[in-house]
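Notes follow the structure.
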There are 4 protein chains.
Amino acid sequence: MTPLPRFLAGAAEPERPRLRKRERTRLALIDAAVRVFSSRGFAAATMQEIAAEAGMTTGTLYNHFDAKADIVAAVAIAIAQTMQERSSARRDSLSRGVERVAMGCQHYLWLAKQSPDWALMLLDVAAATPAFLETVGAYVRADVRRGVRQKEIEIESETAALDLVCGSVMQGMRSIALGLAPPRHGTAITAMVLRGLGVPAEPARKIARKVLATVPGGDAGYRRGR
Amino acid sequence: MTPLPRFLAGAAEPERPRLRKRERTRLALIDAAVRVFSSRGFAAATMQEIAAEAGMTTGTLYNHFDAKADIVAAVAIAIAQTMQERSSARRDSLSRGVERVAMGCQHYLWLAKQSPDWALMLLDVAAATPAFLETVGAYVRADVRRGVRQKEIEIESETAALDLVCGSVMQGMRSIALGLAPPRHGTAITAMVLRGLGVPAEPARKIARKVLATVPGGDAGYRRGR
Amino acid sequence: MTPLPRFLAGAAEPERPRLRKRERTRLALIDAAVRVFSSRGFAAATMQEIAAEAGMTTGTLYNHFDAKADIVAAVAIAIAQTMQERSSARRDSLSRGVERVAMGCQHYLWLAKQSPDWALMLLDVAAATPAFLETVGAYVRADVRRGVRQKEIEIESETAALDLVCGSVMQGMRSIALGLAPPRHGTAITAMVLRGLGVPAEPARKIARKVLATVPGGDAGYRRGR
Amino acid sequence: MTPLPRFLAGAAEPERPRLRKRERTRLALIDAAVRVFSSRGFAAATMQEIAAEAGMTTGTLYNHFDAKADIVAAVAIAIAQTMQERSSARRDSLSRGVERVAMGCQHYLWLAKQSPDWALMLLDVAAATPAFLETVGAYVRADVRRGVRQKEIEIESETAALDLVCGSVMQGMRSIALGLAPPRHGTAITAMVLRGLGVPAEPARKIARKVLATVPGGDAGYRRGR
DNA sequence: GATGAATGAGTTTTCATTCAT
DNA sequence: AATGAATGAAAACTCATTCAT
């Protein structure tokens, strides 16, 4: 399995070293689930595998999660939160809604290149857990709205805009993760999405390229091919 | 379960009544699988259910499909082909690539309204079987290319365009099928997708509305709520 | 089914009453498998029968053995080890290699008379699991080698000697178990095997008869017919 | 799969070209069964595989054999008869019982070297079909008896002698087929068996080597290793 | 809280056999 | 005689979940 990019590694790990033991165990289990889901897909993953990966037993796993669906949901939420937290600094440095939207797109697309297995797992989990898209969608919605206020985005419906952004990015992630995408796929997708939101072609392309600088590694990843 | 729209019913049924027996059985099994997948989701569906739904035994099912993945793939391909066949007449009446792309989008989005269960099954199956998107993607690619030749579409990469079209439409279908979408969602999505492909906002909206007339029932369906 | 001779009963039972639970379950399953294999033949035995015979469920059985072949192998090894353990005292009392070889032959041949079903099961299992003959063969090889050192056995190849001993004894067991053998078949086979190893006819016969005394019940068993 | 030695190829084929059609089909099916059993083992072979290998359908197979056991038995008998027929000329040229016994041993052991898969199949089938050993045993018994009359063999029991001969040879075949036997294993086994029947060591060895000349290819096969 | 053995219902899959054509 | 599609009972194996320790 492709190693998780530094950007995400230890997503579920305690930030405060003095976390309560129960919480530490819980996070270790989520971390293990992420690893197992990434390598086998979540449908094929078993509770015993997750427990074993965490160095624990199924009993302990069930002490923390009542059912398999629960740990899947926990994984989805953990991923969504971590993604936001890790990018919040960079996000705050951008004041234009269009740039924020673009950064979000590039971010996820970049991760698909860095960790294809992880990306496929994410798509898997997202499809199974509505909570995931709701969480992520809330941020996207805020950024889109900001762009509308700033007159850079012009849309008929926010829901449609979200479907455009999330749908295109997820499909783009799949193409990249499966090795079907040409170089600079992330930038191409991002620029198209911006155009779809009403940004003229040239600025759209420029913004897509500009925010790439805020993504660790930039566009480089896409150039290496697979 | 929502009944299949007349448009799709009997997708897998023999056109020639004197089809070979083996072929008739095969189509009956695919038809049964569509029904079972629609009502339970394909992951939850069992081979026994499919066989029973077709009025046959698991043995017969395995006589035709070596594994569960095989019948899922057969279903995916059958759906993709039927969708194309059923809309080929209307499609042929449109000479502009942009209109053809728009019609494809509206078509799938309209079906999500007509048969939410069927749409969710389709999304499920599409995620599991690359064959589906490959089949559909070939048509979309041809239409996009035509639009490019006609200077109405301007893109950097065909693959990215496909991801935009298919990703947005699939996400839109999900919103519609889950009842999360406002009225006229299909048209909104379609117009945005066209903009993403480089069509200016106003023509995009006009095209989206225009091709709706080619979809049975038009935009009306979206207004009825769920 | 012929009851197991006292000599072998409970082969797989714990010697120490305070064995770990997992180990106790494992031995109970092996014991059950021996019983089922003996009454139905191992090819016809099902995992459910074995589990039921042990008063457990298939899940538990699979918890301990990954596949049917695994429990067959475990049975084979358990039998081979038990046979050696149970006869080790008597074996140690014999210093001549030829006597030890003879005793081994008589032992298995005697058991075929005592428990025909058990013997047929053993032959079945031996054919399916190389581990059995490897385990038993190691002892035979040591005894043959000892006989060679003592200049009572003279052979060209150890492997050939093992094939002679094991092949003849197994075929003899089959004849006896199927009720096709005349009285004193075990002694006749044993004497011939010794001759094959280079022991002159008269001593061979004497040794075969002598070691019979070390087998519980002696040659008597063969006279009762079936 | 190792090809069948020329010696056995087409064992089941019609000798008279004008055989009735039913008989020709039957022999073709037996031939196909031999091939399938050799490559997969008879327990793992399916009726559909056998039919397909013969270029026919299961229906036809069942027209000729009422059950799987029946075709297994037919295969066993066909093999036994062919083996005898093919060696009858050479056998008739030997007047001493010991030589005939030796030739029979060498023959089967040589085949194990030439066609390991075929040999393992034979052992498989022999274990399942008593008729096989009965057929072969009748010839061995006659040769042993001849040797007794000629005062070259001295045994206590014919049944025991048969167990010695057949058991040792079958075990030897297994060793050879599995690649566990050293060079000249066939000769070593044969010589030992003769000793077991009362032939002194030196003549036993000489006879074993002599009859090897009557086997196509002679001892050469054993030297090549595997 | 953790353990880990046991559970057992549920699934996929296999294949000998039948039978209408 | 041959076909080959259909059968269906049975088997192996899985895994989420429970619970006594």
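Letters A, B, ... are given to chains in the order of the sequence lines, protein chains preceding strands, and every chain is numbered from 1.
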If you compare all heavy atoms of A:A119 against all heavy atoms of A:A177, which two are closest, and at what distance to 0.1 Å? CB-CB, 4.1 Å
Pairing annotation in dot-bracket form, given for DNA chain F with Watson-Crick or G-U pairs under 3.5 Å and | for cross-strand partners: .||||||||||||||||||||
Provide, to the nearest angstrom, the distance between the CZ atom belonging to D:R22 and the P atom belonging to F:dA2. 7 Å
Whole-Å distance between F:dA12 C1' and C:D70 CG? 13 Å
Using a 4.0 Å heavy-atom cut-off to protein, can you give one letter per nucleotide of nucleotides 14-21 of chain E, 5' to 3': B if the base is in contact, S if only the sugar-phosphate is, - if neither? BBBBB---
Please name the pair of heavy atoms, one in A:T60 and one in A:M56, separated by the smallest distance, quoted to 0.1 Å. CG2-SD, 3.9 Å
Which atom pair, heavy atoms only, marks the closest approach of A:L29 to A:I50? O-CG2, 4.0 Å
Separation of F:dG4 P from B:H64 NE2 (nearest whole Å): 13 Å
Give, ordered by number, those residues of residues 121-130 of chain C having at least one heavy-atom distance below 4.0 Å to an atom of DNA chain E; if nothing qualifies, reply none. none
Qualifying residues under side chain to side chain contact (heavy atoms under 4.5 Å, CB included), relative to D:L133, sequence neighbours excluded: C:Q171, D:C166, D:M170
Can you tell me whether the side chain of B:N63 and the base of F:dA5 have a donor-acceptor pair closer than 3.5 Å? no
Could you tell me how far apart C:E23 (CD) and E:dG4 (C1') are, to the nearest whole angstrom? 15 Å
Can you list everything that forms a side chain to side chain donor-acceptor pair (under 3.5 Å) with D:T25? Sequence neighbours excluded, please. none
Tell me whether the OP1 or OP2 atom of F:dG8 has a side-chain N or O from B:T57 closer than 4.0 Å. no
Closest contact, heavy atoms only, A:R22 versus A:H64: O-CE1, 3.2 Å
Quick one: list whatever passes side chain to side chain contact (heavy atoms under 4.5 Å, CB included) with B:Q48, sequence neighbours left out. B:T46, B:T58
Roughly how far apart are C:F132 CZ and C:L123 CG, rounded to 0.5 Å? 8.5 Å
Return all side-chain donor-acceptor pairs below 3.5 angstrom for residues 70-81 of chain B, not counting sequence neighbours, or 'none' if the list is empty.
{"residue": "B:D70", "atom": "OD2", "partner": "B:D66", "partner atom": "N", "Å": "3.4"}

Which nucleotide in F:dT3, E:dA6, F:dA5 has an atom nearest any side-chain atom of B:T25: F:dA5
I need the CZ-P distance between A:R40 and F:dT14, as an integer number of Å. 11 Å
Which residues share a side chain to side chain contact (heavy atoms under 4.5 Å, CB included) with D:A128, sequence neighbours left out: D:F42
Starting at CZ of C:F65 and ending at P of F:dT14, how long is that distance when rounded to a whole Å? 15 Å
Determine which pairs satisfy salt bridge (charged side-chain N to carboxylate O under 4.0 Å, His left out) with at least one residue from residues 38-53 of chain B, sequence neighbours left out, and list them in order. B:R35-B:E53, B:R40-B:E49
Please report the distance, rounded to the nearest Å, between CE in B:M56 and P in E:dT13. 19 Å
Could you give the CZ-to-C1' distance, from C:R24 to E:dA6, as a whole number of Å? 13 Å
